[in-house]
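Remember, predicted model here, so these are calculated numbers, not experimental data. Just so you know, these numbers use all the heavy atoms, side chains as well, and skip hydrogens, waters and symmetry mates.
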Amino acid sequence: MSVRLSGSKPDGFQCENWLLDPTVQWEREGWVDWDGLCTLEQRPNGLWINGYHSWGGVNNKIPTERESEVSDSLNLIRVDSVQLRQLDSKLFAHFEYSGSVYALNVTDPIYEEKLAAGGLARRKLGESFITVSLGKDYHGYLYKIAAAIIEREDTESGGER
């Protein structure tokens, strides 16, 4: 995608934030294959601070009292597999990364659409990239979110992305 940026807009630990120029339309420039994604892969030792869980989640939140220990809010990680599970109206991505187990709420619009259509109560994905985002304070916690999931299979078959 080609997107014109107006400027950097860091907000605390969310240092990756940028303002988009609303006067310029986004343009699709092409397709990133799996090898291209691999060049963008980040390899943090873990996904921030672990040990805090919510209903349905595992290692999916951080108390705001520990916010000073957080220095960024986005990671593009590669995992061997992802298990998608619906719990009531929410979709969770279950995966292992750097020796820890995670269950994070999925906000990827493609998977949210599949869930709304009723075709995604439980599904196992193969090797995938996950964009993990850390949100701002919500009722005393910073929540880890699976903002996007890209399956290797989709990049090789010209999938939905």
Side-chain angles (χ1 to χ4, degrees), residues 1 3 5-22 32 37-152 154 160-161:
M1 299 297 293
V3 180
L5 303 173
S6 297
S8 177
K9 184 72 171 165
D11 184 8
F13 64 86
Q14 292 185 336
C15 58
E16 307 88 353
N17 292 353
W18 285 81
L19 292 175
L20 305 178
D21 184 341
V32 177
L37 281 171
C38 289
T39 66
L40 302 172
E41 178 183 2
Q42 296 170 285
R43 294 182 177 94
N45 291 331
L47 298 176
W48 304 288
I49 301 164
N50 289 332
Y52 303 93
H53 321 289
S54 69
W55 175 86
V58 177
N59 287 319
N60 68 322
K61 65 182 186 175
I62 301 169
T64 53
E65 300 83 46
R66 299 196 63 187
E67 182 175 332
S68 63
E69 300 172 51
V70 176
S71 61
D72 64 359
S73 64
L74 282 174
N75 282 295
L76 179 65
I77 62 167
R78 183 175 13 171
V79 297
D80 292 331
S81 65
V82 181
Q83 179 75 44
L84 298 176
R85 294 182 188 153
Q86 181 179 348
L87 195 55
D88 290 335
S89 62
K90 291 188 175 191
L91 185 63
F92 288 87
H94 294 251
F95 59 92
E96 186 175 320
Y97 180 76
S98 193
S100 294
V101 174
Y102 295 90
L104 307 183
N105 186 248
V106 176
T107 60
D108 182 315
I110 290 173
Y111 289 98
E112 285 183 323
E113 186 176 302
K114 289 179 182 179
L115 177 64
L120 192 66
R122 188 180 195 109
R123 180 175 171 199
K124 183 169 182 170
L125 312 179
E127 186 178 16
S128 300
F129 274 96
I130 303 175
T131 301
V132 182
S133 176
L134 187 62
K136 298 295 278 179
D137 180 8
Y138 181 73
H139 298 290
Y141 291 94
L142 313 174
Y143 283 86
K144 303 172 193 178
I145 299 163
I149 301 171
I150 304 170
E151 295 177 75
R152 181 176 192 153
D154 282 347
E160 297 179 50
R161 296 212 186 253

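- When each of Val58, Ile77, Ile149, Asp80 is checked for a side-chain contact (heavy atoms from CB on, under 4.5 Å) with Phe95, only Ile77 meets the rule.
- In this structure, Trp48 contributes its side chain and Asp72 its backbone to a donor-acceptor pair below 3.5 Å.
- Judged by distance alone, with hydrogens and angles left aside, the side-chain atoms of Tyr97 form a donor-acceptor pair with the main-chain N or O of Pro44 at under 3.5 Å.
- Shortest non-hydrogen contact noted between Ala93 and Val82 is CB-CG1, 3.9 Å.
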Just do the side chain to side chain donor-acceptor pair (under 3.5 Å) check on Asn60 and Ser54 with the steps written out, would you? CA-CA 7 Å; Asn60 68 322; Ser54 69; 2.6 Å; yes

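- For the residue pair Asp137/Thr64, the side-chain donor-acceptor check at 3.5 Å is not satisfied.
- His53 contributes a side-chain N or O that, together with a main-chain N or O of Asn59, makes up a donor-acceptor pair within less than 3.5 Å.
- Ion pairing of Glu151 with Arg123 is present here, as a side-chain N (NZ or NE/NH1/NH2) and a carboxylate O approach within less than 4.0 Å.
- A side-chain donor-acceptor contact under 3.5 Å links Asn50 and Tyr102.
- Side-chain contact check for His94 versus Val101: every heavy-atom pair is 4.5 Å or farther apart.
- For Phe92 against Trp55, the heavy-atom pair with the smallest separation is CZ-O, 4.0 Å.
- Put simply, the side chain of Gln42 gets close to the backbone of Leu76: a donor and an acceptor are under 3.5 Å apart.
- A donor-acceptor pair under 3.5 Å is formed between the side chain of Ser98 and the backbone N or O of Asn45.
- Between Leu5 and Leu20 the shortest side-chain heavy-atom distance falls below 4.5 Å.
- For Gln86 (side chain) and Asp88 (main-chain N/O), a donor-acceptor pair under 3.5 Å exists by modelled atom type.
- Judged by distance alone, the side chain of Lys144 and the main-chain N or O of Gly135 form no donor-acceptor pair under 3.5 Å.
- When all heavy atoms of Gly56 and Ala103 are compared, the closest pair comes out as O-CB, 3.8 Å.
- Note: Leu104 CG to Leu47 CG = 7.0 Å, rounded to the nearest 0.5 Å.
- Lys90 places no side-chain N or O within 3.5 Å of a backbone atom of Asn105 that could act as its donor or acceptor partner.
- With a 4.5 Å cut-off on side-chain heavy atoms, Ser81 and Lys124 count as touching.
- Side chain of Ser68 to main chain of Arg66: no donor-acceptor pair is present (N/O by atom type, distance under 3.5 Å, no hydrogens or angles).
- Cation-pi geometry between Lys61 and Tyr52 is not satisfied (NZ or CZ under 6.0 Å from the ring centre, within 45° of the ring normal).
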